[in-house]
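Take a look at the structure set out below.
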Number of protein chains: 4
Amino acid sequence: MNIHSYIMARTVDNSKLEGIKQNAIKLIVEKGYGGASISNIAKKAKVAEGYLYRFYKSKEELVSDLLNSKISEIADNLEESIQKSDSFAKIIELLVHGIFEMAEKSSNDIKFLYVMMNDYSFSISSTIKDRIALLCKELNEKGKSLSQIEETISDEEIYMFLVIYPIQFINLRFKKFFGNSKWTNSDIERVIAICNKSLKSN
Amino acid sequence: MNIHSYIMARTVDNSKLEGIKQNAIKLIVEKGYGGASISNIAKKAKVAEGYLYRFYKSKEELVSDLLNSKISEIADNLEESIQKSDSFAKIIELLVHGIFEMAEKSSNDIKFLYVMMNDYSFSISSTIKDRIALLCKELNEKGKSLSQIEETISDEEIYMFLVIYPIQFINLRFKKFFGNSKWTNSDIERVIAICNKSLKSN
Amino acid sequence: MNIHSYIMARTVDNSKLEGIKQNAIKLIVEKGYGGASISNIAKKAKVAEGYLYRFYKSKEELVSDLLNSKISEIADNLEESIQKSDSFAKIIELLVHGIFEMAEKSSNDIKFLYVMMNDYSFSISSTIKDRIALLCKELNEKGKSLSQIEETISDEEIYMFLVIYPIQFINLRFKKFFGNSKWTNSDIERVIAICNKSLKSN
Amino acid sequence: MNIHSYIMARTVDNSKLEGIKQNAIKLIVEKGYGGASISNIAKKAKVAEGYLYRFYKSKEELVSDLLNSKISEIADNLEESIQKSDSFAKIIELLVHGIFEMAEKSSNDIKFLYVMMNDYSFSISSTIKDRIALLCKELNEKGKSLSQIEETISDEEIYMFLVIYPIQFINLRFKKFFGNSKWTNSDIERVIAICNKSLKSN
DNA sequence: TATGAATGAGCCTTCATTCAT
DNA sequence: GATGAATGAAGGCTCATTCAT
């Protein structure tokens, strides 16, 4: 095997794996975990049923990995937002925009996150949970040291507003609970404003 | 047949249906919709598998009814809170306490609500959705007429804070995401304070 | 209990049993043996499910009895036709008319007979089978002694023409295999003519 | 993979599907549609239960296909008999022999046909029904143009004698209604003679 | 007598998973 | 690597039958 074919193989491979992942997410969102059969996922990803088992040893592992990887994206987003900013307001802005971008780019991803995070049968790996908790703590401390967030705010509340609130908002829109689906820039600004108002010291 | 046995019969009957409902909720929370098999539900409820079909014509109907009935409890709670109060702060207080009480009385119910509301494969009946939207609107108008909530607040945001936030908070605790499970009275007061701060005019 | 109520009871009783029988026949014809559930039969007969088991110890027994009783009607018809006639042609005429009348009076009965006779999972009691065979033999002998049927005709052929042929013809019509459903008097005459032509000596 | 194993693979494969078909037919004949469970069919065919669903999307489809395919054999038989013959008597001879051969080769097939054709819950595809009706018409016209069958004979009567009569006769024998099971060559000749006598002009 | 609640075996079907090719 | 035939456990659901009332 020469370099060329090696690169080809890798390319083909990754696109196939990516197809599996995306269709798994899509089907789980649409039909739930039980409704997303391996057979359907494979069919939509144009891959043989058995192929999937080269990467994951079970359906559960596939979904678990997917959940952890998508949550990690949120954590990455959080981390970057912290690193890139010097004020608490800036962090919120970056983070919330980041989450909305994720929703814009792939609505299924954010729906998937929404569905899977709010569940007792699947759970996020404790490593990632710890990472997120730590980032919330760091953010909280930073905000307080800058006197930009209220003293009484807990790490948990940081998480509630910066992670849960945007995800819930976006999915409420997807579900058209209050009629309007999707969102405008002013909706995003509004979410940012709410977070600011709720957390910041006055 | 005397009165006693009559009452017994009725009691036994209702307790069977109640057992089905509660064990369905419990199993769905623990294992998800797919993981909660009719066979398991029946076994735990100490009832024959087929018996369940006297009340519901399918598993889906059972779960749908359960979801709608639990959501209705929240709506009832909301409605009562509005009726019993004369200030916006009082409404929030009653409502949030009501939700925590529900969680206290039956943690599975609030977990079930959390799991099922955050899902794309099951949905709340539009009647109940409309009812809740209307109550949020009413509440918003009332709050604004009393100048107790900010002018920019939407009905949707009322819903986000008064319904979503408490449910998310409670389940975050159940999941021990930030270490501590359960909650104290001061946690409840804190949730109320957050809602007030976030919504009220200043 | 006085005579009046006794008669009443019997009357009610028989009508209920009759309802069970007729609805069983109807449902079996429409949906097959498996599709005719005791629950459905009872519902249509306006009787409790368990009531049926006062008369028959199983669903199979019910259907078996029904089959034998309807076959017996054919046998009775055959017997009467023989007794009432002095020529072979007259017998055929009476018998065929009798079968068409049965179909006219209750299409379900003749359909039921058609469905159940052509089956390997249910069978006619050997007593009735013997009775019919005997009647065919008697008829054959009578026809031959009168030199009205061909010498080579067997008892079996008598049965094929006098019982099977009319039943098959009627049901072919019910099924509209050749377009036309139901029949006219001339269709009946035609069946009689065919039987005569096929069996009689020339 | 060599040619031999290739052939083997194909053989095994077809034999599995064939096993499913034959055992389905056998069990339906023995126990009726409801009594022939997928589980039993699969067990007898030495195949996993689920395997069946690679070929048919439901039990009903399996049985429907089987019925239509067996009826088609009769239609093929009819068609060939017409094509190969120049006289009406020859057609009858070929056709009746063909049906008896089918019964000889696989008694279950003819029993299955007998059971399923005489039923109101399953029905032959209208395409095949039309084809048979057309063949009967063709046969009738041919016979009449040759002055070999009576003017009054209808297409329906052609069907009654050439298709129904032999099938009914064979199954009457299988059921030993008149004692004797199976048949001899002279029985076959007798069926042919009856058909001729009944239909032909004199 | 008559009911219908309650049972549980068994049905059809789906689907995660394995493995020979 | 990649396929998809084949498996069989388990799922939802139906239904004949029993029995307390």
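Numbers restart at 1 for each chain; the letters A, B, ... are given by sequence-line order, proteins then strands. Atom set for the values below is all heavy atoms of this structure, side chains included, hydrogens, waters and symmetry mates excluded. What you see is a predicted model; the values in this text were computed from it and never measured.
When the C1' atom of E:dC15 is taken as reference, atom OH of A:Tyr33 falls 11 Å away, rounded to whole Å. One interatomic measurement links the two molecules: CZ of D:Phe55 to P of E:dT13, which rounds to 16 Å at whole-angstrom precision. The nearest whole Å value for the distance from the CD1 atom in B:Ile41 to the C1' atom in F:dC13 is 13 Å. With rounding to whole Å, D:Lys16 atom NZ is found 13 Å from E:dA20 atom P. Computed from coordinates, the D:Asn40 CG to E:dA9 P distance equals 17 Å when rounded to whole Å. If you take CD1 of C:Ile20 and C1' of F:dT17, they are 15 Å apart, rounded to a whole angstrom. Distance A:Glu61 CD to E:dT17 C1': 14 Å, rounded to the nearest Å. Following rounding to the nearest Å, C:Leu27 (CG) and F:dT14 (P) show an atom-to-atom distance of 16 Å.
Taking every side-chain heavy atom of A:Tyr53 into account, E:dA16 is the closest of F:dA2, E:dA16, E:dC12. Distance from the side chain of B:Val47 is smallest to E:dT7 among E:dT7, E:dC11, E:dT3. Across E:dG4, E:dT13, F:dC13, the shortest atom-to-atom separation from the side chain of C:Ala48 is found for E:dG4. Residue A:Tyr51 places its side chain closer to F:dG1 than to any other of F:dC13, E:dT3, F:dG1.
Residue-to-nucleotide proximity on DNA chain E shows that, of C:Gly50 and D:Ala36, the 5′-proximal contact is made by C:Gly50. Looking at which nucleotide of DNA chain F each of C:Gly34 and B:Gly34 is closest to, the 5′-most match is held by B:Gly34. Between C:Leu52 and D:Lys59, the residue whose closest nucleotide on DNA chain E is further toward the 5' end is C:Leu52.
Pairing of E:dT21, defined by two Watson-Crick or G-U wobble distances under 3.5 Å, is identified with F:dA2.
The main-chain N or O of A:Ala36 is found under 3.5 Å from a side-chain atom of A:Lys59 such that the two form a donor-acceptor pair. Side chain of A:Asn68 to main chain of A:Ser125: a donor-acceptor pair is present (N/O by atom type, distance under 3.5 Å, no hydrogens or angles). Remark: the backbone N or O of D:Asn40 is paired with a side-chain donor or acceptor of D:Ser37 at under 3.5 angstrom.
Residue-level contact check: B:Ile38 touches the backbone only, with heavy atoms under 4.0 Å from sugar-phosphate atoms and none from bases.
Below the 3.5 angstrom threshold, one finds a donor paired with an acceptor across the side chain of B:Glu49 and the base of F:dC13.
Checked against the 6.0 Å centroid criterion, the rings of C:Tyr120 and D:Tyr114 qualify as a close aromatic pair.
At least one side-chain nitrogen or oxygen of A:Arg54 sits closer than 4.0 Å to the OP1 or OP2 atom of F:dG1.
Between D:Ser106 and D:Asn108, the side chains place no donor N or O within less than 3.5 Å of an acceptor N or O (distance only, hydrogens not considered).
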